[in-house]
Number of protein chains: 2
Amino acid sequence: MRRRPAELTSRKPRKQYHHGDLRRALVAEAARTIQARGVGHLTLPANGESLGVSRTALYRHFADKAALLAAVATEGFAQLRRDLVDAWEQHGGGREGFDAMGVAYVRFAVKGPSYYRVMFGGLVEADRADCGLQEQAASAFGVLVEAIVQQQKAGLVREDDPVQLARYIWAAVHGIAMLGIDGQLRDAEGGAEALIHFANERLRLGIATPPR
Amino acid sequence: MRRRPAELTSRKPRKQYHHGDLRRALVAEAARTIQARGVGHLTLPANGESLGVSRTALYRHFADKAALLAAVATEGFAQLRRDLVDAWEQHGGGREGFDAMGVAYVRFAVKGPSYYRVMFGGLVEADRADCGLQEQAASAFGVLVEAIVQQQKAGLVREDDPVQLARYIWAAVHGIAMLGIDGQLRDAEGGAEALIHFANERLRLGIATPPR
DNA sequence: ACCTGAACACCGTTCAAGT
DNA sequence: ACCTGAACACCGTTCAAGT
């Protein structure tokens, strides 16, 4: 078990109940802790108390701790989606936009490793119907599919099932992100960032329209 | 490596403490539990008691629970390495051998999702020096690099840094395995198995020697 | 409806003691 | 040297009770 030094969070204790949207506050606070100190440090007592609320208040809004994590993961997919769309649009789509999406994806993961792991680490069962986890994940994936379709229309990507192509690209980029987070790329110069650039070139060649 | 000299002594004390190699037995039992019921069900009391040993006996051999998991992960990498070598050799290397390695990799992960997650799930800090975790992981990765080098010699793969090429392939296959485990491929017909076959084709095109 | 506070079962870990 | 058994701090969860 970990030793905790002392009381390092000294927030103002509230006398009243938490008036507004406690559910949202709980998710935000949990996400903050996960980003800052890792999911291993997320504890229900601490999470509640830093909002001036008892540790059991959470059960009014979530079935259990896994449900809270699922909500955090859902928020993560929404944020990831935004990052991907931004990258795509700011680079004007096409080949450059697609490459930028890959880079943005890896950066999202590396920026908050533990947060990313909550989204993919098996802490949350994927078949959770509540809180729209699957919908948000599907929506983020949809950005990828759409980018593929547009590139197909522009003659940049071969005519093949765009969904399967998107899954393939997703897996590759996800793998780079995961290996980077795991420290498995510590011997690689430039780490995950360098590898995604290398990969973008190789991936492009694999999905480009064949020369005729 | 298998049999210990203690076996040779005629007087073996029964009814004593646990017989020979408790350390190995603890790792094997933990691996079994993880495979069967998931790492979330691995508990020190249960793990010890199913070997007829107290829950604290473990601390004579491991610093903490994370160290036990690291040992399980190390064992996992050794097994994965074996699977990869088998696939490569049984298909006679080359393009078919390489594709078979990818399939074997994904199958290894899908066969024991929780086991695979112990190897990559962030439960074990990657910079653990003990128990040869890094060495085994590097050894498994080395199989991939070697396969790339051989294909380069055979003119099948472009002349490029084989280690970076191997990282790229590793990431892609790892990503497919991870997405499969996460249930993110549940809408994909054929799941991870189908995706790795699809990916093998695309990956090959990306790393093949360019037409001149 | 929303939250508290005590209580429960359990877990990882420590440590003095046993053989 | 190797292991036990009691003990400790902590956590997730339940539930009767409060407002």
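Order of the sequence lines fixes the chain letters, A, B, ..., with proteins taken first and strands second; residue numbering starts at 1 for each chain. Treat the numbers as computed from the prediction; the structure is a model and nothing was measured.
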* Structure fact -> Picking from C:dC2, C:dG12, D:dC2, the nucleotide nearest the side-chain atoms of A:Arg60 would be C:dC2
* Asked: For the pair made of CZ in A:Arg23 and C1' in C:dA1, what is the distance, rounded to whole Å?
  -> 16 Å
* Asked: Nearest to the side chain of A:Lys65, which nucleotide is it out of D:dG12, C:dG12, D:dG5?
  -> D:dG12
* To do: Could you walk me through whether B:Glu201 and B:Arg204 pass salt bridge (charged side-chain N to carboxylate O under 4.0 Å, His left out), step by step?
  => CA-CA 5 Å; B:Glu201 243 182 295; B:Arg204 169 65 51 183; over 6 Å; no
* So, do B:Phe108 and B:Phe77 have ring centers that fall under 6.0 Å from each other? -> no
* Asked: Among D:dT13, C:dT4, C:dG12, which is the nearest nucleotide to the side chain of A:Ser54?
  -> C:dT4
* Find the distance A:Tyr59:OH to D:dC15:P and express it as a whole number of Å. => 12 Å
* Asked: Nearest 0.5 Å, what's the NE2-CD distance between B:His91 and B:Glu96?
  -> 7.0 Å
* To do: Nearest whole angstrom, please: distance from the P of C:dT4 to the CD of A:Glu49.
  => 10 Å
* Structure fact -> Out of D:dC3, D:dT13, C:dT4, minimum distance to the side chain of B:Ala57 belongs to D:dC3
* Asked: Can you tell me how far C1' of D:dT14 sits from CG of A:Asp64, to the nearest Å?
  -> 13 Å
* Could you give me the stems involving DNA chain D, meaning stretches of three or more consecutive Watson-Crick or G-U wobble pairs whose two defining distances are both below 3.5 Å? => C:4-8 with D:12-16, C:12-16 with D:4-8
* Write down the distance between CG (B:Leu58) and P (D:dA1), rounded to a whole number of angstrom. => 19 Å
Find every protein N or O atom lying less than 3.5 Å from an N or O atom of nucleotides 6-10 of chain C, and list the pairs.
none

* Asked: Once the angle between the rings of B:Phe120 and B:His174 is folded into 0 to 90°, is it parallel (under 30°), tilted (30 to 60°) or perpendicular (over 60°)?
  -> tilted
* Asked: Below 4.5 Å, heavy atoms only, C-beta onward: do B:Phe141 and B:Arg167 meet side chain to side chain?
  -> yes
* Structure fact -> OG1 of B:Thr74 to CE of B:Met119, rounded to nearest 0.5 Å, is 9.0 Å
* Output yes when at least one side-chain N/O atom of A:His61 is less than 4.0 Å from OP1 or OP2 of C:dA1, else no. => no
* Structure fact -> To the nearest 0.5 Å, atom CD1 of B:Ile148 lies from atom OH of B:Tyr168 at 10.5 Å
* **side-chain contact (heavy atoms from CB on, under 4.5 Å) partner of A:Arg202, the single match among B:Ile169, B:Leu165, B:Leu203** => B:Leu165
* **Proximal nucleotide (of D:dG12, C:dC11, C:dT4) relative to the B:Pro45 side chain** => C:dC11
* To do: Just call it for A:Leu42: base, sugar-phosphate, or nothing, with non-hydrogen atoms closer than 4.0 Å on any strand.
  => sugar-phosphate
* **Interatomic spacing from CG in A:Asp83 to CZ in A:Arg107 - rounded to 0.5 Å** => 10.5 Å
* Asked: Can you tell me how far C1' of C:dT4 sits from CG of A:Leu51, to the nearest Å?
  -> 16 Å
* Could you check B:Asp86 against B:Arg81 for salt bridge (charged side-chain N to carboxylate O under 4.0 Å, His left out), going step by step and ending with a plain yes or no? => CA-CA 9 Å; B:Asp86 285 355; B:Arg81 184 191 193 285; over 6 Å; no
* Structure fact -> Between CG of B:Leu69 and P of C:dG12 the distance, given in whole Å, is 10 Å
* **Separation of C:dC3 C1' from A:Phe62 CZ (nearest whole Å)** => 15 Å
